[in-house]
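In what follows, every chain begins at residue 1, and chains take the letters A, B, ... in the order their sequences are listed.
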Amino acid sequence: MSARDDVFSNIRRSLGVTGKEATRRAAVGQRLETTPRGPVPRRGQGSAAARMATFITEAQRVSASVVMLENAAAIPAEVARYLSECNVAPVLRMGADARLAGLDWAGAGLSTSTGRSDGSDLNAISHAFAGVAETGSLIVLSGPDNPATLNYLPDNHIIVLAVSDLCGDLETVWTRLRRATGALLPRTVNIITGPSRSADIEQTLLLGAHGPRRLHILVTLG
Amino acid sequence: MSLHPTTPAFKENAHRALGDTELQKALGHVQGGFINKRAAAVERLPEFETLRESARDLKDHVLAHLDLYLEHYETQVRAAGGQVHFARTGEEACKTIVDICKAHGAKSVTKGKSMVSEEIGLNDAIEAAGMAAVETDLGEYIIQLRHETPSHIIAPAVHLTKEQVEADFRRVHSHLDAARDLSEPVQLLTEARGVLREKFLAADVGITGANFLVAETGSSIIVTNEGNGDLTQTLPKVHIVIASIEKIVPTLEDASLLMRVLARSATGQDMSVYTTLSTGPRRAGDPDGPEHYHIVLVDNGRSSMLGGEFEDMLRCIRCGACMNHCPIYHAIGGHAYGWVYPGPMGAVLTPALIGVEKGGNLPNASTFCGRCEAVCPVKIPLPNLMRHWREREFERHLTPAVQRFGLGIWGFFARRPSLYRLATSLAMRVLGFVGRDKGRFAKLPLASGWTQFRDMPAPSGETFQSEWRARQKERRS
């Protein structure tokens with residue numbers, strides 16, 4: 001017998017089942033079909049304004065910085081200001097996301113390049129698919145628009161979130177994601193909650209382990 | 001290393017650990033840090049108890065339908081272009097992984113943190129095949145430099161002080177300036193970041209574990225704070241996921257439920273920094289990500305635990321809260337347990353995976369204080385399961401003769417309550433009388449195991465039962 005067949009027959013022998021029971025199959029089929037929600041904490045719920053306030057509080061708690069912008073056109077100037085505040089060169093790596101590609105970066109004095117990161121990029125910007133108020137998290141989908149390497153290799157990561165994409169909880173994100181991508185998810189769905197950190201040496205919490213040392217979030221209102 | 005447990009020598013291990021001053025200093029960080037952070041996170045979430053109950057019910061549902069969810073998961077991984085492998089044993093899993101690495105001509109393999117890879121001794125297998133296996137989680141990297149196993153399932157280097165880490169870095173990173181300052185944790189972290197960055201970029205294969213496998217979408221989920229797991233799986237051309245079969249969850253909603261209890265129980269975070277869902281290899285048009293995606297599903301004794309008295313243990317989501325709250329773990333650390341899984345979860349899981357003959361010592365290393373069960377995010381009745389192992393050990397005559405003899409005497413009296421009361425009240429009166437001056441005994445026959453290290457307080461002369469009766473009477477009148 002193959003390893004696969006052996007593992008399955010062992011599981012079934014231990015459970016005392018054959019795998020053909022209609023009731024068991026129905027229970028599994030129904031759960032996969034209806035994707036029921038467990039208890040969802042109240043923290044992320046409430047009006048749009050309440051969700052926004054919670055998102056900012058939670059993101060700051062995990063050492064991200066958050067700035068609100070009137071509209072997307074204000075992004076380049078804020079990025080230039082932020083990079084200057086961090087005392088790093090005004091260079092920026094990004095993907096092909098149309099919401100970022102069309103902005104006037106040169107006008108803000110920024111030198112941009114497009115594509116994945118090979119590890120030499122200091123700064124990167126991504127556009128989030130959604131945000132989660134409950135935990136101050138951002139969801140970034142991999143692909144040519146927002147290459148996954150930009151989330152992890154640069155020192156400074158900037159993520160843009162449109163206010164209309166701010167959800168209360170992860171469950172709402174999944175509903176939206178199924179609608180947006182269909183049955184096959186993008187290669188990676190990255191849930192990012194603050195900058196990289198480690199407490200592996202004497203339980204001392206330090207930022208900037210292997211991933212970005214800083215995470216700056218721009219919420220566009222218009 | 002992990003294939004050769006020193007668990008049978010638990011008592012000697014524990015004795016050595018208690019006398020290890022460096023270890024005792026490092027263990028001081030466990031108690032305050034983990035316990036307070038978890039308590040604060042739980043305090044901040046009024047729904048936590050409800051979530052624990054739902055998490056327990058979800059895992060029970062999955063275990064009862066494990067064959068069917070595994071089938072669905074397998075179909076979905078294949079539909080996304082991934083390859084699925086099953087392994088009955090650790091050896092089989094190692095061989096599968098080594099074969100994949102060889103097929104791609106790999107020289108260097110990076111690894112994210114994975115407890116099941118420790119369980120099956122994967123690093124040794126990769127190195128025996130002539131490839132380099134580099135651990136990338138900071139804690140795992142440190143213990144790999146020392147040729148040690150993890151002493152904690154989420155903080156593998158928690159048994160070390162920063163001075164020890166500094167000495168290891170100076171020894172291994174000999175190409176760096178010998179005069180550099182490494183006295184602070186931040187300097188150690190920065191150095192590791194630089195050294196490992198090169199390893200990430202040079203790797204041919206990246207291996208990660210999985211916190212969850214989602215049947216609905218065929219995704220594997222890893223949760224990290226450092227970002228090492230993501231660099232491990234994104235940069236090389238091959239990504240291999242290794243996970244044990246009970247990591248399956250039905251849907252994304254179900255994964256979210258477990259995430260809410262996992263990080264809080266583990267580190268006191270509401271959410272770990274990076275939670276990444278990976279589904280198959282790089283897609284047409286993707287600028288990055290692996291070209292090949294493999295998942296190796298390991299049984300290694302788990303299917304035999306289903307449907308039996310230790311099935312509850314398969315609910316475990318490896319948060320480490322049980323060991324963080326365990327007085328035994330606090331005293332001796334993780335290495336004394338002698339294999340891969342320490343603390344209360346290790347005391348239950350180890351005998352199940354390596355046999356009660358080798359692992360039977362561990363379930364005895366418990367005060368049955370119950371803190372582990374009280375904090376477990378999936379409500380595993382750990383003390384009860386340890387009790388089951390003690391019974392098994394006794395039934396199989398693995399318990400030492402003196403202990404069996406003592407238990408036999410106690411059993412004789414316990415089955416005869418009036419005789420028990422008579423014997424204990426006599427004994428207490430005698431001991432109370434003899435010890436009335438000093439109030440303690442420096443030596444007692446049959447109790448040298450205790451009195452060798454500390455005095456035994458003298459009883460007041462009354463038994464617990466008689467005092468209880470007296471108090472009940474008082475309350476009623």
Side-chain angles (χ1 to χ4, degrees), chain A residues 3-4 6-8 10-12 14-17 19 24-25 27-28 31-32 35-39 41-43 58 62 115-116 119 135 137 142-144 147-149 151-152 170-171 174 184-185 187-204 206 208-211, chain B residues 29 33 45 47 50-51 54 65-69 72 80 86-88 92 138-139 155 157 161-162 165 185-186 188-189 193 197 201 216-217 219 225-228 230-231 234 250-253 256-257 270-271 273-280 282-283 285-289 299 303-304 306-307:
Chain A
R4 180 190 181 280
D6 251 357
V7 171
F8 274 98
N10 263 333
I11 293 173
R12 289 184 169 133
S14 293
L15 290 175
V17 300
R24 292 176 76 241
R25 298 201 85 91
V28 166
R31 188 159 194 126
L32 292 170
T35 63
R37 292 180 180 193
R42 279 172 51 196
R43 186 197 292 170
E58 296 301 320
V62 293
R116 60 165 288 166
T135 50
S137 309
S142 70
T149 36
N151 301 330
Y152 304 104
L170 273 175
E171 283 80 351
W174 305 140
L184 181 64
L185 295 184
R187 186 186 70 80
T188 59
V189 175
N190 306 281
I191 310 174
I192 300 172
T193 313
S196 160
R197 67 200 60 200
S198 176
D200 271 348
I201 302 173
E202 293 194 346
Q203 294 283 298
T204 310
L206 300 166
H210 291 299
Chain B
H29 298 293
L45 195 74
E47 296 91 345
T50 315
L51 288 165
S54 299
H65 300 86
L66 188 59
D67 52 331
L68 302 179
Y69 283 121
H72 193 84
F86 282 85
R88 283 167 283 218
E92 213 165 67
L138 179 59
T161 60
K162 65 178 195 287
V165 178
V186 65
L188 296 165
L189 175 76
R193 179 185 168 107
R197 196 44 89 83
L201 292 163
E216 175 199 355
T217 57
S219 313
N225 278 320
E226 298 181 8
N228 65 305
D230 288 284
L231 292 172
T234 308
T251 66
L252 295 171
E253 281 74 4
S256 313
L257 166 65
D270 289 354
M271 183 94 179
V273 177
Y274 301 113
T275 303
T276 302
L277 288 67
S278 302
T279 315
R282 165 199 299 226
R283 309 288 160 73
D286 272 2
D288 48 22
D299 183 337
S303 58
S304 309
L306 286 166

Which one of [options] has the most heavy-atom pairs closer than 4.5 Å to chain A?
options	result
B:N228, B:D270, B:D230	B:D230
B:P287, B:G227, B:G307	B:P287
B:T251, B:L51, B:T276, B:T275	B:T275

Under 3.5 Å, is there a donor-acceptor pair between the side chain of [X] and the main chain of [Y]?
X	Y	answer
B:D288	A:A148	yes
A:R37	B:L257	no
A:E202	B:K162	yes
A:S14	B:S303	yes

Would you compute the distance between atom [atom1] of [X] and atom [atom2] of [Y] and round it to the nearest 0.5 angstrom?
X	Y	atom1	atom2	value
A:L185	B:L252	CG	CG	6.0 Å
B:M271	A:E58	CE	CD	12.0 Å
B:R193	A:S196	CZ	OG	6.5 Å
A:N190	B:T234	CG	OG1	7.5 Å
B:E226	A:L206	CD	CG	10.0 Å
A:H210	B:L138	NE2	CG	6.0 Å

With a 4.5 Å cut-off on heavy-atom pairs, point out which of [options] contacts chain B the most.
options	answer
A:T135, A:L170, A:T188, A:L32	A:L32
A:G119, A:G194, A:P39, A:G38	A:P39
A:R187, A:R43, A:R24, A:Q203	A:R187
A:A199, A:P147, A:P195	A:P147
A:I192, A:N151, A:I11, A:V62	A:I11

Which region of [X], side chain (C-beta onward) or backbone (N, CA, C, O), has a non-hydrogen atom less than 4.5 Å from a non-hydrogen atom of chain A, or is it both or neither?
X	answer
B:D299	side chain
B:A87	backbone
B:T50	both
B:S278	both
B:E47	side chain
B:E216	both
B:L201	side chain

Starting from the C-alpha separation in whole Å, work towards a yes-or-no answer on side chain to side chain contact (heavy atoms under 4.5 Å, CB included) for B:R88 and A:N10.
CA-CA 10 Å; B:R88 283 167 283 218; A:N10 263 333; 5.8 Å; no
Kindly indicate, with the supporting measurements, whether the criterion side chain to side chain contact (heavy atoms under 4.5 Å, CB included) is fulfilled by A:I191 and B:Y274. CA-CA 6 Å; A:I191 310 174; B:Y274 301 113; over 6 Å; no
Which atom of [X] lies closest to which atom of [Y], heavy atoms considered:
X	Y	value
B:S256	A:E171	CB-OE2, 3.8 Å
A:A209	B:L189	CA-CD1, 3.9 Å
A:L15	B:L66	CD1-N, 4.4 Å
B:P185	A:T204	CG-OG1, 4.0 Å
A:P36	B:E253	O-CB, 3.5 Å

Contacting region of [X] [heavy-atom separation from chain B under 4.5 Å]:
X	answer
A:T35	both
A:V28	both
A:Y152	both
A:R12	side chain
A:T149	both

